[in-house]
Amino acid sequence: MSQTRSLIDILRTQLKKEESLPVLSKNSLGLQNEVIKKDPDLKKIEKMIKTDPSVTGHVLKMANSPFYRGLDQIATIKEAILRLGSVELGNLILQAVHKKNFQSRDPFIRLHQQKLLNHSILCAMGSFWTAKHLDLDDLVQQSFIAGLLHDMGKLYLLTAFEKMKTNNVMENQPPSTLVEQIIARLHPKLGHELISHWNLPESLCRIAGDHHSPEFDRNDILLALVRCVDQVCNKMERGNREEETAMIASSAEADILGISEIGLAEMEIAIEDYQEKLGLKKKAKA
Ligand SMILES: [Fe+2]
Ligand SMILES: [Fe+2]
């Protein structure tokens, strides 16, 4: 155990170790890559889901949830595909695949993982809603996963901190504010590395890497979309302050997308609706 090395030095060493990289199984990667195709092969998806009991369970549970429920109970993946359609089904699969990476036994890490998972799902849903709302047909399919993965650098860092604790390389528990500052500073770069490591498309790596950069490619509409939705979700998480919507409406991202203050307010309502339907937020008492 080192007496003199700084937390950042220990972290840098830890990040070089393979064990710090959050793992996506081959099947998860295959599913993920199939789901984001323009014309996903539903037969192939059905086959891949069936080999993963936790994904099967999640998809069936969600297909029967009040949000998606039809008249009859759904018992098979085939029925779920028919009820939900490939895009909604794809979104549920992505949620299920990623949920597995957010189950630390350490209470501090788990709390941050939970916050990150909720934020990621809301950004995914917000991005999906916005792409549809703005008729960005070519981006609808990728928008959900782009929102879901934009902050995965945080997952990478949380995994590294967890390993540092279990490997007993830190003398003391570092202050949570310091850990949060480090995560806030380093997650874009590490997110880019992680998404490339998962062999996902370059467009998704760029979003992970550039979603906080002061300078960004204004021709990249998906990047502008995720940046805009991220701002809305962050604002909602901080508390619903009216004046911030006007600020987001005057941002470069809103300008690129051509989304108005009313459009942003509608996005917020759609995200809140989803939050309630997934049980991520308790309904306000009347
Ligand atoms: Fe971020
Ligand atoms: Fe974010």
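Note that ligands are numbered from 1 as they come in the structure, with each ligand's atoms numbered from 1 the same way.
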Worksheet item: Are H150 and H187 near enough that their ring centres are under 6.0 Å apart?
Response: no
Fill in: Exercise: do D210 and H192 side chains pair donor with acceptor under 3.5 Å
no
In a table with atom names and distances, give each donor-acceptor pair under 3.5 Å that connects a side chain of residues 77-84 to protein atoms at least two apart or in another chain.
from, atom 1, to, atom 2, distance (Å)
E79, OE1, A75, N, 2.9
E79, OE1, T76, N, 3.0
E79, OE1, T76, OG1, 3.2
R83, NH1, A63, O, 3.3
R83, NH2, D72, O, 2.6

Item to complete: Establish, from distance only, whether the side-chain atoms of S104 and E162 form a donor-acceptor pair under 3.5 Å.
Response: yes
Practice prompt. Walk me through it: do K115 and E237 pass the test salt bridge (Lys or Arg N to Asp or Glu O under 4.0 Å)?
Written response: CA-CA 10 Å; K115 271 194 195 167; E237 283 158 18; over 6 Å; no
Item to complete: Please check if atom NZ in K99 has more than 12 non-hydrogen atoms from other residues, nucleotides or ligands closer than 6.0 Å.
Response: no
Worksheet entry | For the Fe ion (ligand 2): protein N/O/S atoms at distances below 2.8 Å | 4
